[in-house]
Amino acid sequence: MRKSLFAATLIAASLTGGIADAEAGHTGAQLGRGSSFTFALLGDTPYGAAQEAAFPLLVDDINADRDVKLVLHAGDVKSGSSSCDDAHLTATLKQYQTFADPFVLTPGDNDWTDCHRAAAGGFLPTERLDFFRRTYYPVAGRTLGRHPMKVETQARDRDHRDYVENVLFTEKRVVFATVHVVGSANNLAPWAELPGGDRPELRLAEFEARQAAALDWIDNAFDTARRTHAPGVLLMLQAEPTQTAGFAAIRERIVERSRAYGKPVLLVHGDEHVQESEPNYAGVPNLTRLETFGDTASQWLSVTIKPKSPEVFTWEQRTVPAA
C-alpha cells in the first residue's frame, strides 16, 4: 500500500546489495567526491504563471545547497492545460538552464502527448515531440544546466536514433537511466481534441517504437549494472508503470530485471503530483518506487546515494524558504 505524503518524509528504501570494483571507462561525470552523492529530484513543474514566477527561488535554493551535484526532473515542464507553443516551451527551458549543476530531464505527457488538447493549442503530438527533442536535447549525449555533463544516449544506437532523451550515466558506480514513459496511457489515450480527430495509426506507431526503445534501454541499464558490479540502479520515468494498457510490458521488464539483479533499484517518477514511496514494489524486495513532488515550485526531494550502505538510496523532503 502506498504511503502518505507525510509518511514519506525521511523514509529510505530498505534494500540490500553488495558492491565490487566497477570497470573503468564508462560514461559518467563522477561529480561527487567522498563516500556519498546527493542530487535534487523534481517533477511536474513549473505549472502556470504563479509557479513560473516562483521557480527562480526553487533554483536558488537548490543551487545554494553545496551537497547537491545534479538535478533530475521527472517530466512535465508545463501543465496540461497550458500552451504547447514554441514560446512557452522555450521560456521554461531558459529557466532550467539557470541550474548550476547538470540538469537531466525525461519528457512528460504534458510536453507533447497531451498537446492535442484544445487548451494546449490543438497541436499534433508527434510534431511537438520532434520540437521538444530538438529544443531540450540540442546536443546528443550532453545534459542541460550551466555546467552540463556528458552522458550515454540511446540516439547512438542505429535502431533507436530518435531517442536522444533516453540517457545513461553513473555516479558512485550507481547506474542512472532515464526511460521515456509518459502519462495518458503512455500515448495510447486517443488524441481526441486534435483538429480533424484522432490519428490512431500514427499514434500507435509512435507508441510501439518508443516502447521497443524503452525495453531495450531498461535492459541496457541492468546489463551495464551487472557488467560493472554496480551497487544500485536508478530508473527515471515520467509515469508510474502500472499494470494498465500502455505500461504492462514496461512494468514486467522492470520487475523481471530488478528481481534478477538483486541489489537496490529505485524507480523514480512523477505525474500524479503526490510525493510518496513504496518499498517492495510489485512484490520485489529490492525494488522501491519513489514519486517526487508535482504541481509545486516550493518543494523538492534531496536524494543521497551511499554505495557502501545496505539501502544505497535515502531521501528527504525539502521546502523552499519564503522570499
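Residues Val320 and Leu57 approach most closely at CG1-O, 3.6 Å, considering heavy atoms. Contact record, Tyr281 with Pro241: OH-O, 3.5 Å, taken as the closest heavy-atom pair. Contact between Pro285 and Gly283 at its shortest, heavy atoms only, is CD-O, 3.5 Å. For Val175 against Ala230, the heavy-atom pair with the smallest separation is CG2-CB, 3.9 Å. When all heavy atoms of Ala177 and Ala221 are compared, the pair lying nearest together is CB-CB, 3.8 Å. The heavy-atom pair separating Leu235 from Ile254 by the smallest distance is CD1-CG1, 4.0 Å.
Residues Asp271 and Glu240 have side chains not in contact (no heavy-atom distance under 4.5 Å, counting atoms from C-beta outward). At a threshold of 4.5 Å between non-hydrogen side-chain atoms, the residues Leu287 and Tyr261 do not count as touching. Side-chain contact check for Tyr137 versus Val167: every heavy-atom pair is 4.5 Å or farther apart. Here the side chains of Gln95 and Val59 are not in contact, with every heavy-atom distance at 4.5 Å or above. Proximity of Phe293 to Gln317: side-chain heavy atoms (C-beta onward) are separated by under 4.5 Å at one or more points. Asp61 has its side chain within reach of Trp300: a pair of non-hydrogen atoms, C-beta onward, lies under 4.5 Å apart. Side-chain contact between Phe132 and Val77 is present, with heavy atoms from C-beta onward closer than 4.5 Å. Between Gln97 and Leu144 the shortest side-chain heavy-atom distance falls below 4.5 Å.
Taking the six-membered ring where tryptophan is involved, the planes of Phe103 and Tyr96 are essentially parallel, since the angle between them stays under 30° and well short of 60°.
The side-chain contact (heavy atoms from CB on, under 4.5 Å) test with Trp315 singles out one residue from Val268, Leu266, Thr292, and that residue is Leu266. For the pairing with Val255, the side-chain contact (heavy atoms from CB on, under 4.5 Å) check across Arg257, Arg251, Arg253, Glu252 returns one residue only, Arg251.
For Glu127, the CD atom counts as densely surrounded, since its 6.0 Å shell holds more than 12 non-hydrogen atoms of other residues, nucleotides or ligands.
Using modelled atom types, no side-chain atom of Tyr163 and backbone atom of Val179 make a donor-acceptor pair closer than 3.5 Å. Side chain of Gln238 to main chain of Thr106: no donor-acceptor pair is present (N/O by atom type, distance under 3.5 Å, no hydrogens or angles). Checked by atom type and distance alone, the side chain of Asp76 pairs as donor or acceptor with a backbone atom of Asn110 at under 3.5 Å. A distance-only check finds no donor-acceptor pair linking the side chain of Ser36 to the backbone of Lys306 [under 3.5 Å]. A donor-acceptor contact shorter than 3.5 Å links the side chain of Gln154 to the backbone of Ala213. Checked by atom type and distance alone, the side chain of Asp101 never pairs as donor or acceptor with a backbone atom of Gly145 at under 3.5 Å. The closest donor-acceptor contact from the side chain of Glu291 to the backbone of Gln275 lies at 3.5 Å or more, if one exists at all. The backbone N or O of Thr98 lies less than 3.5 Å from a partner atom in the side chain of Arg146, making a donor-acceptor pair. Remark: side-chain polar atoms of Asn286 are not paired, donor with acceptor, to backbone N or O of Val265 under 3.5 angstrom. Within the 3.5 Å criterion, the main-chain N or O of Ala239 finds no donor-acceptor partner in the side chain of His269.
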(request) Take Thr228 and Thr170 through the side-chain contact (heavy atoms from CB on, under 4.5 Å) test and state the conclusion after the steps. (result) CA-CA 10 Å; Thr228 61; Thr170 62; 5.8 Å; no
(request) Determine, step by step, whether Asn166 and Asp216 satisfy the side-chain contact (heavy atoms from CB on, under 4.5 Å) criterion, reporting the C-alpha distance in whole Å, the side-chain angles of both residues, the deciding distance to 0.1 Å, and the verdict. (result) CA-CA 11 Å; Asn166 287 343; Asp216 283 354; over 6 Å; no
(request) Kindly indicate, with the supporting measurements, whether the criterion side-chain contact (heavy atoms from CB on, under 4.5 Å) is fulfilled by Leu202 and Leu124. (result) CA-CA 10 Å; Leu202 178 62; Leu124 180 66; 4.0 Å; yes
(request) Applying side-chain contact (heavy atoms from CB on, under 4.5 Å), run through Phe169 and Leu70 and close with a yes or a no. (result) CA-CA 12 Å; Phe169 56 95; Leu70 174 72; 3.7 Å; yes
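A salt bridge links Arg289 with Glu276; the closest basic N to acidic carboxylate O contact falls under 4.0 Å. Under the 4.0 Å criterion applied to side-chain N and carboxylate O atoms, Arg128 and Asp86 are assigned as salt-bridge partners.
The hydrophobic clustering, which links ILVMFWY residues whose side-chain heavy atoms are closer than 4.5 Å, places Leu188 and Leu237 apart. Under a hydrophobic clustering in which Ile, Leu, Val, Met, Phe, Trp and Tyr are joined whenever their side-chain heavy atoms come within less than 4.5 Å, directly or via other members, Val284 and Val181 fall into the same cluster. In terms of hydrophobic clustering, with Ile, Leu, Val, Met, Phe, Trp and Tyr side chains grouped at heavy-atom distances under 4.5 Å, Val174 and Leu290 are assigned to a common cluster. Following chains of ILVMFWY side-chain contacts shorter than 4.5 Å, one can reach Val151 starting from Ile305, so the two form part of one hydrophobic cluster. In terms of hydrophobic clustering, with Ile, Leu, Val, Met, Phe, Trp and Tyr side chains grouped at heavy-atom distances under 4.5 Å, Leu89 and Phe123 are assigned to different clusters.
Atom NZ of Lys172 sits about 11.5 Å away from atom OG1 of Thr304, to the nearest 0.5 Å. Residue Phe55 holds its CZ atom at 6.0 Å from CG of Leu42, rounded to the nearest 0.5 Å. Rounded to the nearest 0.5 Å, atoms CG (Leu168) and CZ (Arg156) are 13.5 Å apart. One finds the CG atom of Leu129 at 7.5 Å from the OG1 atom of Thr113 (value rounded to the nearest 0.5 Å). Taking CD1 from Ile250 and OG1 from Thr242, the interatomic distance works out to 11.5 Å, rounded to the nearest 0.5 Å. Here the CG atom belonging to Asp157 is positioned 8.5 Å from the CG atom belonging to Asn220, to the nearest 0.5 angstrom.
A donor atom on one side chain and an acceptor atom on the other are not found under 3.5 Å apart for Tyr136 and Asp111.
Within the structure, the side-chain hydrogen bond (donor to acceptor under 3.5 Å, both in side chains) test picks out the following pairs touching residues 187-213 (sequence neighbours left out): Asn186-Arg210, Asn187-Trp191, Asn187-Glu206, Asp198-Arg203, Glu206-Arg210.
Close placement of the Phe39 and Phe176 rings is indicated, their centers lying within 6.0 Å of each other.
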